[in-house]
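Structure first, commentary second.
Since the structure is predicted, the reported quantities are computational estimates derived from the model, not experimental observations.
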Amino acid sequence: MLPLPIRNKVASLLQSVSPMRLDSFNSYLPNKLRVPQLGDKVHKAASILCSESILDLYTKVSSDFDQPDQFVIGSKLPLTVFSDITSHPKFDNKVELMMALDSVCYLPDGILTKVDRAGMAVSIETRIPMLDHTVFEFSWTLPFELKLNKSSSKWCLREVLYKYVPKELIDRPKMGFSVPIDSWLRGPLKEWAENLLDEKRLEVEGFFNVALTRGLWEDHISGRYNRQNKLWSILMFQCWYDSIK
């Protein structure tokens, strides 16, 4: 609701405080008010504040790289269902548009792929009951206010669960199972990563913008910023490229 120039100034103010300093402030808060990785989340929120459109906002929320073509030399982003506006379903409600894009991008290409691979790796047949096609189709017929009501997500589902499950088990923060890549890259994986991101190697291979890539790495190992997501994508490419040489 705020004009873009005001949002840009607020974002600049937030980004002027390092994530490390924000994390140290976090330690003074009561346990129930502490936010994991507060500094990184504040900086992510600052970049989102500068969004010029709903699609721009969605891209910044969903992607680790705002402009990946700046990192990959000579690259040009192809049009996909994610980036091609003409292919988007028509919704008056922009939040439902983002839900639809999640359904065709983030779900099949992201978390469902990871769940399937993790399950198959240990011979477990996973099932996603909420994505049964009858449930999925029914959910799209529901009015929007039954999905997001007074800032409560999955509102109608929560109301059903409240009848059978104690509220304290439902209304609590998510408990993820991510691995500490940020600290690993500064510790046991530092030498491995440094070899893959060696400046001369990057120049010879010619895939990545050397200055930007080295800047990410130096930012990260200094501890000033957490660049794990961008770095991990580049490192995985480097590992793959090593395997096919």
Side-chain angles (χ1 to χ4, degrees), residues 1-4 6-7 10-11 14 26 29-64 80-85 87-116 118-119 124-178 229:
M1 292 183 289
L2 291 174
L4 182 60
I6 295 177
R7 287 188 276 122
V10 173
L14 292 174
N26 205 24
L29 296 174
N31 286 334
K32 64 180 180 180
L33 295 180
R34 290 181 185 178
V35 179
Q37 298 179 324
L38 175 65
D40 294 328
K41 289 178 179 177
V42 167
H43 275 242
K44 180 77 170 179
S47 69
I48 293 168
L49 272 177
C50 301
S51 302
E52 296 182 6
S53 67
I54 287 294
L55 185 59
D56 186 28
L57 181 149
Y58 183 75
T59 301
K60 288 175 178 176
V61 169
S62 307
S63 176
D64 294 322
T80 64
V81 67
F82 181 80
S83 58
D84 182 7
I85 298 176
S87 70
H88 291 175
K90 301 296 184 272
F91 288 101
D92 293 330
N93 187 311
K94 299 302 183 184
V95 178
E96 287 192 299
L97 170 60
M98 291 189 278
M99 290 177 175
L101 289 173
D102 267 356
S103 298
V104 296
C105 298
Y106 178 56
L107 279 173
D109 298 334
I111 55 176
L112 293 180
T113 302
K114 294 173 184 176
V115 167
D116 187 57
I124 293 175
E125 286 283 353
T126 57
R127 293 292 181 266
I128 317 296
M130 290 298 174
L131 287 182
D132 177 274
H133 74 94
T134 54
V135 177
F136 185 85
E137 290 163 6
F138 170 70
S139 71
W140 277 104
T141 68
L142 294 172
F144 178 72
E145 56 270 17
L146 293 184
K147 301 172 187 176
L148 186 64
N149 185 288
K150 297 179 181 178
S151 300
S152 175
S153 61
K154 305 170 189 170
W155 184 82
C156 58
L157 183 61
R158 291 176 187 273
E159 291 299 307
V160 173
L161 279 174
Y162 290 153
K163 296 179 180 180
Y164 305 100
V165 182
K167 279 192 174 184
E168 57 268 22
L169 295 181
I170 301 169
D171 298 333
R172 59 177 183 165
K174 286 185 176 181
M175 299 177 68
F177 43 86
S178 57
N229 293 331

> Around Lys90, counting heavy atoms of other residues, nucleotides and ligands shown, do more than 12 lie under 6.0 Å from its NZ?
Replying inline: yes
> Which pair of non-hydrogen atoms, one from Ala100 and one from Phe91, has the smallest distance, and what is that distance?
Replying inline: CB-CE1, 3.6 Å
> Hey, mind stepping through Leu49 and Leu14 against side-chain contact (heavy atoms from CB on, under 4.5 Å) and telling me if it holds?
Replying inline: CA-CA 10 Å; Leu49 272 177; Leu14 292 174; 4.0 Å; yes
> Which pair of non-hydrogen atoms, one from Leu142 and one from Lys147, has the smallest distance, and what is that distance?
Replying inline: O-CE, 3.6 Å
> Quick one: are Leu112 and Leu131 in side-chain contact, heavy atoms under 4.5 Å?
Replying inline: yes
> Looking only at heavy atoms, which two atoms of Phe136 and Ser139 are closest? And how far apart?
Replying inline: O-OG, 2.6 Å
> Can you name the nearest heavy-atom pair linking Ser51 to Arg7, along with the distance?
Replying inline: O-NH1, 2.8 Å
>> Leu157 vs Met130, test: side-chain contact (heavy atoms from CB on, under 4.5 Å). Steps then yes/no.
In response: CA-CA 10 Å; Leu157 183 61; Met130 290 298 174; 3.8 Å; yes
>> So, using side chain to side chain donor-acceptor pair (under 3.5 Å) as the criterion, who are the partners of Tyr162 when residues are at least two apart?
In response: Asp171
> Do Thr113 side-chain atoms and Pro108 backbone N/O form a donor-acceptor pair below 3.5 Å?
Replying inline: yes
> Are the side chains of Val61 and Met98 in touch, meaning some heavy atoms are under 4.5 Å apart?
Replying inline: no
> How far does CG of Leu146 sit from CD of Glu159, to the nearest 0.5 angstrom?
Replying inline: 10.0 Å
>> Test of understanding: with side chain to side chain donor-acceptor pair (under 3.5 Å), list the residues that count as partners of Thr134, not counting sequence neighbours.
In response: Asp132
> Considering residues at least two apart in sequence or located in another chain, which fulfil the side chain to side chain donor-acceptor pair (under 3.5 Å) criterion with Glu145?
Replying inline: none
> Going by an N to O cut-off under 4.0 Å, is there a salt bridge joining Asp56 and Lys60?
Replying inline: yes
>> Give me the atom names and distance for the closest heavy-atom approach of Lys44 to Ser63.
In response: NZ-O, 3.2 Å
>> If I take atom CG from residue Leu55 and atom CG from residue Leu101, how far apart are they, to the nearest 0.5 angstrom?
In response: 7.5 Å
> Where do Asp116 and Thr126 come nearest, in terms of heavy atoms and distance?
Replying inline: CA-OG1, 4.4 Å
> Can you tell me how far the NE2 atom of His43 sits from the CG atom of Leu38, to the nearest 0.5 Å?
Replying inline: 9.5 Å
>> A quick test of your reading: do over 12 heavy atoms of other residues, nucleotides or ligands sit less than 6.0 Å from NZ of Lys94?
In response: no
